[in-house]
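We count ligands from 1, going down the list as the structure has it; atoms in each ligand are counted the same way. Keep in mind that what you see is a predicted model, and the values were worked out from it rather than measured. FYI, side chains are in, hydrogens and waters are out, and symmetry mates aren't considered; it's all heavy atoms of this structure.
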Amino acid sequence: MKTIIIIGGGVGGIVTANELSNCLNREHKIILIEKNKEHTFAPSYLWLMNGDRKKKQISVPLKSLLKKNIEVVNAIVNEIVPAEQKIKADEKEYHYDFLVIALGADLAFEKIQGWDESAHTFYTFEGAAKLHETLKNFSGGKVALVISSMPYKCPGAPHEGAMLIEDFLKSKGIREKVEINLFTPEPQPLPVAGPELGNAVKSILDKKGIRFHPSMQLNSVDTKLKQLFFNGKDTYEYDLLIVIPPHQAPGVIRTSDLANANGWVDVNPASLQTKYENVFAIGDITSIPLPGRWIPDKPMMLPKAGVFSHLQADVVAKNIVKKIRGENADEKFCADGYCMLEAGEDLAGFAYGDFFGVPHPKVSLKKIGKKWHIGKVLFEKWWLSPFGFKKVFYKIFLQSGGKLTGIPIKL
Ligand SMILES: Cc1cc2nc3c(=O)[nH]c(=O)nc-3n(C[C@H](O)[C@H](O)[C@H](O)COP(=O)(O)OP(=O)(O)OC[C@H]3O[C@@H](n4cnc5c(N)ncnc54)[C@H](O)[C@@H]3O)c2cc1C
């Protein structure tokens, strides 16, 4: 009998636990430890922000997404001791044979000099709902959407946010009274997806009159004077400030010996194994360099995105099962990712490709259309449906969606 502990019950944790439960017989124990009882679907925060969703439509009990034989512990993990194969959560000890770390990335607003509650974000559930109320009452002026630092999760999301805000203000009839600015420290939109895709996204932003400001590293903000200060650049004034806050690994990782110099967890890119043989890390918590790619003197990293957490979870779960059965654990993660990029007016683009491609990832953007938006909505419905309904939903909708678009959807 083996005990597998998964810490973090977000995208990666949920997929790992369910896949293990699908493959292992009941003598083995699967424990998932997560601090929140409710699961919220992050890609839908954008629709919460523009009023297309209510809070209760994108929040479900975590347990409803998991198979029944998974033991769910609602607690905060506060210590990881790989040398003794144990972790502590709410001061209780749990011993494991295999550990999967899926703790995601924390948001560190306090790292923005001058930040206070007047700055908005759609990167949290509550933040997106609050921003919606503000947008409803917004009467015009300068909107500044600022990517404060790298890395941040979902490289597409800030651009989608800008386009959905533009669409919302247009539907409110005040578009001509608004200037929308998107500031980023990056040299182009989504540099990780290569120059071709970056140019395509830039031209969509241009068409919508969204001003894109590359290579702008935020230094500080003065929320009283409503001014933004960037390293070596002009000062910008704003009326409404929206930030993508700095991201960092959760404290329990940063204080463990699993953390690299930046606080994230280094893994074998194929197996997701950490420096400990029976400890794996997946998703946003990991740091995976892209082969042969640099910005300009640092290695470029695999983006933090749910699609990769999902694929990695699948690989790790299958390899743990193989190890338990005494088989060769030969499943490998390949970074074939996709993203439906919401562009407003119920339209979306679709980027798909190999992020490990050299010298650039082989990622292309399909023409913006309704079907990609429908695809994103269907994925949301599938993800949030109770575990028992998932198979039926998958067969009817997602597989037929895959055939329709010619894109293999592997879940
Ligand atoms: C606005 C927005 C839009 C996005 N859109 C997309 C998209 O379209 N496509 C895409 O691929 N990705 C998207 N993402 C990114 C995606 O949500 C993340 O990359 C993904 O959730 C990462 O999965 P994960 O399992 O690594 O971490 P998470 O899903 O964040 O899960 C981590 C879990 O660990 C828990 N946790 C943390 N610390 C502790 C602790 N000490 N003890 C117990 N539990 C703890 C957290 O509560 C959380 O539930 C989006 C993100 C945002 C914010």
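Only the backbone of Lys304 comes within 4.0 Å of ligand 1, counting heavy atoms alone; no side-chain atom from C-beta on gets that close. Using a 4.0 Å cut-off between heavy atoms, Ala75 contacts ligand 1 through its backbone alone, with no side-chain atom that close. Residue-level proximity to ligand 1 for Asn36 is carried by the side chain, the only part with a heavy atom below 4.0 angstrom.
Considering all non-hydrogen atoms of both residues, Ser149 and Pro185 come closest at CA-CG, 4.3 Å. Closest heavy-atom contact between Lys304 and Pro155: O-CD, 4.3 Å.
Using modelled atom types, one finds a donor on one side chain and an acceptor on the other under 3.5 Å when comparing Tyr276 with Asp257. Side-chain atoms of His120 and Thr134 form a donor-acceptor pair, as typed in the model, at a separation below 3.5 Å.
Of the candidates Glu327, Glu19, Glu331, Glu19 is the only one forming a salt bridge (Lys or Arg N to Asp or Glu O under 4.0 Å) with Lys318. Of the listed residues (Lys55, Lys130, His132), just one forms a side chain to side chain contact (heavy atoms under 4.5 Å, CB included) with Leu48, and that residue is Lys55.
At the shortest separation from atom 8 (O) of ligand 1 among protein heavy atoms lies Lys376 NZ, 3.1 Å. Protein heavy atom in closest approach to atom 37 (C) of ligand 1: Leu103 O, 3.3 Å. If you check which protein heavy atom lies closest to atom 27 (O) of ligand 1, you get Gly104 CA, 3.4 Å. Nearest protein neighbour of atom 28 (P) of ligand 1, counting heavy atoms only, is Gly10 CA, 4.0 Å. In this structure, atom 21 (O) of ligand 1 lies nearest to the protein heavy atom Val11 CG2, 3.4 Å. Given atom 24 (P) of ligand 1, the protein heavy atom at minimum distance is Ser309 OG, 3.4 Å. Of the protein's non-hydrogen atoms, the one nearest atom 44 (N) of ligand 1 is Lys35 N, 3.2 Å. Scanning the protein for heavy atoms near atom 51 (C) of ligand 1, the closest one is Ala42 CB, 3.7 Å.
Within the listing of ligand 1, atoms 53 (C) sit less than 4.0 angstrom from a heavy atom of Tyr123. Here is the list of ligand 1 atoms found below 4.0 Å of a heavy atom in Ala102: 31 (O), 32 (C), 33 (C), 34 (O). Atoms of ligand 1 lying under 4.0 Å from any heavy atom of Gly283, numbered from 1 in the order shown and given with element: 26 (O). In the vicinity of Gly12, heavy-atom distances shorter than 4.0 Å reach the ligand 1 atoms 25 (O). Under a 4.0 Å criterion applied to the non-hydrogen atoms of Phe122, ligand 1 contributes the atoms 1 (C).
Between Lys153 and ligand 1, not a single N/O pair is under 3.5 Å apart. At least one N or O atom of Glu34, backbone or side chain, sits closer than 3.5 Å to an N or O atom of ligand 1. For ligand 1, one of its N or O atoms has an N or O atom of Val77 under 3.5 Å away. Here's the thing with Tyr45: none of its N/O atoms is less than 3.5 angstrom from an N/O atom of ligand 1. Taking only nitrogen or oxygen atoms, main chain and side chain alike, Val307 reaches within less than 3.5 Å of ligand 1. For Ile285, no nitrogen or oxygen atom sits less than 3.5 Å from a nitrogen or oxygen atom of ligand 1, counting backbone and side chain alike.
One N or O on the side chain of Gln217 and one on the backbone of Ser148 form a donor-acceptor pair closer than 3.5 Å. No side-chain donor-acceptor contact under 3.5 Å links Lys153 to the backbone of Ala305. No side-chain donor-acceptor contact under 3.5 Å links Thr286 to the backbone of Ile282. At least one donor-acceptor pair under 3.5 Å links the side chain of Asn18 to the backbone N or O of Leu65. Side-chain atoms of Glu84 do not come within 3.5 Å of backbone N or O of Val81 as any donor-acceptor pair.
Closest to atom 5 (N) of ligand 1 by heavy atom, among Pro158, Cys154, Ala281, is Cys154. In this comparison of Thr124, Asp284, Thr121, the heavy atom closest to atom 18 (C) of ligand 1 sits on Asp284.
Between atom CD of residue Gln188 and atom CZ of residue Phe212 there is a gap of 7.5 Å, rounded to the nearest 0.5 Å.
Here the side chains of Gln85 and His95 are not in contact, with every heavy-atom distance at 4.5 Å or above.
For Phe183 and Tyr236, the distance between ring centers is under 6.0 angstrom.
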